[in-house]
Amino acid sequence: MATAAHMLTPLAQLSPAVADWVASVRELTQARAIHWCDGSDAETRELTTKLLREGELKPLNPEFFPGCNLARSAASDVARVEHLTYICTRSQEDAGPNNHWMAPDQAHAKMRDLFRGCMRERTLYVIPYCMGPIDSPLSRFGVEITDSPYVVLNMIIMTRVGRAALERIATDGNFVRGLHSIGELDPERRFIMHFPEELSIESFGSGYGGNALLGKKCHALRIASYQARTEGWLAEHMLIVGLQNPKGETHYIACAFPSACGKTNLAMLIPPDSLPGWKVFTVGDDIAWLHPGADGRLWAINPEAGYFGVVPGTNPETNRNAYDMIRRDTLFTNVALTADNQPWWEGLSTGKPVIDWQGRPYDPTRGPAAHPNSRFTVSAKRNPSYSPRAEDPRGVPISAIVFGGRRREVAPLVYEARDWKHGVLVGASVASETTAAAVGQVGVVRRDPMAMQPFCGYNFADYWQHWFNVGAKLARPPRIYHVNWFRRDAQNKFLWPGYGENLRVLAWMLDRCAGNAGATDSAIGRLPRPEDLNTTGLDVSADALRALLTVDPASWRKEVAEMRTYLEQYGSRLPAELVEELKITEGRLA
Ligand code: GTP
Ligand code: SPV
Ligand code: MN
C-alpha cells in the first residue's frame with residue numbers, strides 16, 4: 001500500500017554526514033542493530049512496552065498516576081559526576097581553572113577504548129534533536145547516539161526529536177555529535193568528555209540525567225556556552241518566567257540558581273492569595289539562550305521542551321502546579337513506592353513509603369525513602385502555567401536577570417546591582433551550598449559564578465569578559481539582582497517562607513525596573529526597605545524581615561576577601577573591568 005509515509009525519505013538517508021558518523025560508531029561499538037528515532041508517540045509506546053516487559057521500568061498505579069512509570073538507576077549512578085567531567089580543548093588555558101581538562105587526543109583515545117565493542121549485544125539508537133523552537137533561528141541541533149532506551153524516552157520528552165530536526169541538520173550542515181553508552185555503569189569506567197572545538201561530546205558509564213541526556217547540560221550549556229562566545233550570545237543555567245501584574249503587563253525575567261536551588265519551582269510559581277491579580281507563565285525551568293536583539297534588549301529562548309525536575313519537596317502546598325503536572329504521563333526516576341504502588345517522596349504529607357528508591361523494603365535507618373536527587377521527566381506542555389511564548393521563534397525580551405544561591409547566612413533576601421558591570425560582579429560572586437544534584441558532599445558552600453561552575457565550557461575569565469562584551473551591546477540591558485531564599489535562623493529554620501511568597505521580591509524588582517519602587521543603598525548594592533516590599537498577608541516577623549534585609553559589613557568583608565582569593569586563580573586573564581568592580585565593592589565595605 002502506497003501511503004504518504006512510504007514516500008518520505010527514510011531517516012537514515014536524510015543526512016549523509018549523520019549517516020557516515022552513525023556507520024563509524026557502529027563499526028567502533030559493534031552495535032547489533034540500529035534504530036533511528038522519530039520522536040513519535042508510537043515510538044514512546046513501543047519503547048515503554050519493551051522496558052516494562054524487561055523490568056527496566058515499573059508501571060505506577062494507573063488510577064492515580066495514569067501513563068506514569070518508575071525507573072531505578074544503579075545505586076552508584078544517581079547524580080552528575082563533576083569530578084569525571086572534562087573540557088578537552090587543545091590548550092588547557094582555554095578550559096580554565098574552573099574545568100577539569102584533558103588533551104583532545106588523549107581523551108579520544110581513552111574513550112575509543114571504552115566504546116570499542118560496547119554495544120555488541122545492544123541496539124544503537126540515533127536521536128536527532130532540536131534545542132529550541134523548531135523554526136527559530138536561535139535554535140541549534142544535535143544527534144545523540146546511545147545504547148540506552150531510557151535515555152531515548154527522556155530525550156523525546158526533553159527535546160524536539162525527529163524528522164524535522166534531521167531535515168534542518170541536512171540543510172544547515174551543523175550539528176553537535178553526542179556519543180553515549182551506559183557501558184557497565186561502572187563508576188571506575190565513567191567519563192563525560194566535551195570537545196567544544198569539534199562540537200562533540202563523548203559520555204560513557206552513566207545513565208543518569210545530566211551525564212547521559214546529552215542535549216541538556218553537555219550540549220545546551222557546555223558546548224553552547226563555547227559557541228555562544230564566538231557568536232555573541234549567552235547560554236546560561238537560567239529559568240525563564242513571565243510575570244503578569246494586576247494591570248495586565250507581562251515582564252519576563254531569567255534567573256540563574258545552582259542545581260537544586262529553586263529554578264523549577266520559581267518558574268512555575270503560584271501567586272499567594274494575598275497578591276491578587278498576578279499571573280505566572282513558565283517559558284523554561286533550567287536553561288536559557290540569550291541573544292542581544294536589534295532593539296537593544298536581551299531576548300531569551302528555552303532550548304528544552306520538558307522538565308527534568310527534583311521530586312523531593314514537591315507537594316500541593318509548596319507547588320500545586322508541579323504536583324498536578326506530574327500526576328500523568330511522567331517518568332519518575334529513583335522515587336519510593338507506597339503499598340498501592342504510588343510514587344512517594346520526602347516532603348509529601350500523605351501516603352507512606354513501603355519500598356525505597358532501590359526497590360528494597362523501606363527501612364528509615366538506611367536513609368530517605370526516595371533518593372534526594374530523584375527526578376521527574378515530563379513534557380513542558382503538561383505544566384498548568386506553560387507559556388505559549390515558549391514556542392515563539394523570537395524568544396521573549398528579558399527585563400531582569402536574577403542570580404541566587406543557597407546560603408544559610410550572609411547573603412540577604414535580595415539586592416540590586418547598580419548597573420550591568422556591577423551585575424557581572426554580582427553574578428561572579430554567587431556561592432552556594434552544594435546539593436544532591438552532583439555526587440559529593442552536600443551542604444558545603446562553594447563558589448558557583450552565575451550558577452555555571454559545573455557547566456561553563458571554557459575559561460571563566462573569558463566568560464566574564466564575554467558578559468561585559470554582551471552588556472556593552474545592549475542599549476536597554478536588563479537590571480541585575482541577587483536573591484537568597486534560604487537564610488536560616490539560630491534554630492536552623494528558614495527565615496523566608498519561599499515558593500509562592502518569592503513573588504513579593506520579584507514584584508519589587510519589576511517595580512524597580514518601572515521606576516516605581518524605593519530602595520536603600522548598601523556596600524553590595526541596593527536593597528528594599530521593609531516598607532518597599534508588599535507584605536500584605538505575609539507571615540514573617542518584623543525581626544526576621546529586618547534580618548533578611550540587612551548587610552553585615554564584617555561577614556561581607558570576609559565574603560569579598562574569599563571572592564578575591566577565588567578570582568585571583570584566574571590570573572592575568574581576569575577582565576580588568578571585573579577587578580575594577582571588585583575594588584569598588586572593597587572600597588565601599590572598608
Ligand atoms: P535543578 O533541576 O537541579 O537545576 O534544580 P532547580 O534549581 O530547578 O531546583 P528546584 O526548583 O527543583 O528545587 C530544589 C529543592 O529546593 C526542592 O526540594 C524544592 O522544594 C526546594 N525549594 C525550591 N524553592 C524553594 C524556596 O523558595 N524555599 C525553600 N526553602 N526551598 C525551596
Ligand atoms: C542540574 O543538576 O542542574 C539538573 C539536573 O538540572 S541534570 O540534568 O542532571 O543536570
Ligand atoms: Mn539544572
Side-chain angles (χ1 to χ4, degrees), residues 73 77-82 85 151 154-155 157-159 192 203 206-222 236-239 241 255-270 272 282 284-288 304 306-315 317-319 321-323 326 333-334 345-348 368 370-377 402-408 413-414 432-440 442 448 451-455 483-488 492-506:
S73 68
D77 186 33
V78 293
R80 283 182 295 101
V81 283
E82 296 178 5
T85 299
V151 165
N154 276 276
M155 284 291 286
I157 299 170
M158 294 302 298
T159 72
I192 326 293
S203 166
S206 168
Y208 173 79
N211 303 328
L213 314 178
L214 301 186
K216 199 173 178 54
K217 297 310 183 6
C218 299
H219 176 163
L221 287 179
R222 297 196 190 94
E236 298 296 328
H237 192 201
M238 290 176 178
L239 68 92
V241 66
C255 312
F257 312 150
S259 302
C261 291
K263 287 182 302 301
T264 301
N265 276 274
L266 191 71
M268 49 198 305
L269 174 156
I270 297 184
T282 315
D285 85 318
D286 197 49
I287 299 177
E304 300 190 283
Y307 311 133
F308 184 65
V310 175
V311 180
T314 308
N315 67 50
E317 287 73 46
T318 54
N319 190 336
N321 279 342
Y323 184 74
I326 61 179
T333 301
N334 293 339
W345 53 86
E346 276 65 22
L348 274 187
H371 190 277
N373 193 37
S374 50
R375 296 269 167 172
F376 56 76
T377 321
V402 184
F403 295 109
R406 181 185 284 266
R407 297 294 297 271
R408 58 185 62 236
L413 178 64
V414 58
S432 192
E433 291 155 25
T434 51
T435 65
V439 168
V442 169
D448 193 350
M452 283 287 279
Q453 163 51 43
F455 307 121
V483 299
N484 175 21
W485 314 135
F486 300 95
R487 276 287 283 273
R488 306 223 194 193
N492 208 31
K493 278 190 49 201
F494 289 115
L495 279 171
W496 178 251
Y499 300 101
E501 304 293 344
N502 294 336
L503 180 58
R504 298 172 193 278
V505 174
L506 307 180

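For ligands, and for the atoms within them, numbers begin at 1 and follow the listed sequence. One-based numbering along the sequence shown. FYI, side chains are in, hydrogens and waters are out, and symmetry mates aren't considered; it's all heavy atoms of this structure.
Proximity of Leu348 to Tyr323: side-chain heavy atoms (C-beta onward) are separated by under 4.5 Å at one or more points. Contact annotation: the side chain of Trp485 approaches that of Val505 to within less than 4.5 Å [non-hydrogen atoms, C-beta and beyond]. Between Glu317 and Tyr499, every side-chain heavy-atom pair lies at or beyond the 4.5 Å cut-off. Side-chain contact between Trp496 and Asn502: present, with at least one pair of heavy atoms (C-beta onward) separated by less than 4.5 Å.
Using modelled atom types, one finds no donor on one side chain facing an acceptor on the other under 3.5 Å when comparing Ser374 with Asn334. Using a 3.5 Å distance cut-off with no hydrogens or angles, the side chains of Thr85 and Arg222 do not pair a donor with an acceptor. Side-chain contact check for Thr314 and Asn319: no donor-acceptor pair (N or O, by modelled atom type) lies under 3.5 Å.
Excluding waters, the set of protein N, O or S atoms lying under 2.8 Å from the Mn ion (ligand 3) comprises Lys217 NZ, His237 NE2, Asp286 OD1.
The nearest protein atom to atom 9 (O) of ligand 2, hydrogens excluded, is given as Gly210 N, 2.9 Å; this is a heavy-atom distance. For atom 2 (O) of ligand 2, the nearest protein heavy atom (residue, atom name, distance) is Arg80 NE, 2.9 Å. Closest protein heavy atom to atom 4 (C) of ligand 2: Lys217 NZ, 2.9 Å.
Counting heavy atoms under 4.0 Å from ligand 2, residue Asp286 touches it through the side chain alone. Only the side chain of Phe455 comes within contact range of ligand 2, with a heavy atom under 4.0 Å; no backbone atom does.
Proximity to Arg375 (heavy-atom distance under 4.0 Å) selects the following atoms of ligand 2: 4 (C), 5 (C), 6 (O). Of all atoms in ligand 2, listed by their number and element, those nearer than 4.0 Å to a heavy atom of Ser259 are 1 (C), 2 (O), 3 (O). Atoms of ligand 2 lying under 4.0 Å from any heavy atom of Lys216, numbered from 1 in the order shown and given with element: 6 (O), 8 (O). Atoms of ligand 2 found under 4.0 Å from any heavy atom of Tyr208, numbered from 1 in the order shown, are 9 (O). Those atoms of ligand 2 with a heavy atom of Ala437 less than 4.0 angstrom away are 2 (O).
Atom CZ in Arg408 sits 11.0 Å away from atom CG in Asn484 (nearest 0.5 Å). Expressed to the nearest 0.5 Å, how far NZ of Lys263 lies from OH of Tyr307 amounts to 13.5 Å.
Side-chain atoms of Ser203 come within 3.5 Å of backbone atoms of Asn211 as a donor-acceptor pair (strictly under, hydrogens ignored). With hydrogens and angles ignored, the 3.5 Å screen pairs a side-chain donor or acceptor of Asp77 with a backbone N or O of Gly207.
Taking the side-chain contact (heavy atoms from CB on, under 4.5 Å) definition, one finds that Leu495 meets it with Arg487, Asp489, Ala544, Ala547, Leu548, sequence neighbours left out. In this structure Lys217 satisfies the salt bridge (Lys or Arg N to Asp or Glu O under 4.0 Å) test together with Asp286, sequence neighbours excluded.
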Evaluation steps, side chain to side chain contact (heavy atoms under 4.5 Å, CB included), between Asn373 and Arg80: CA-CA 10 Å; Asn373 193 37; Arg80 283 182 295 101; over 6 Å; no

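Proximity of Lys263 to ligand 2 is not established, as no heavy-atom distance is less than 4.0 Å.
The protein residues lying under 4.0 angstrom from ligand 1, judged by non-hydrogen atoms, are His237, Pro258, Ser259, Ala260, Cys261, Gly262, Lys263, Thr264, Asn265, Asp286, Phe308, Val310, Pro312, Gly313, Arg375, Arg406, Trp485, Phe486, Phe494, Gly498, Tyr499, Asn502.
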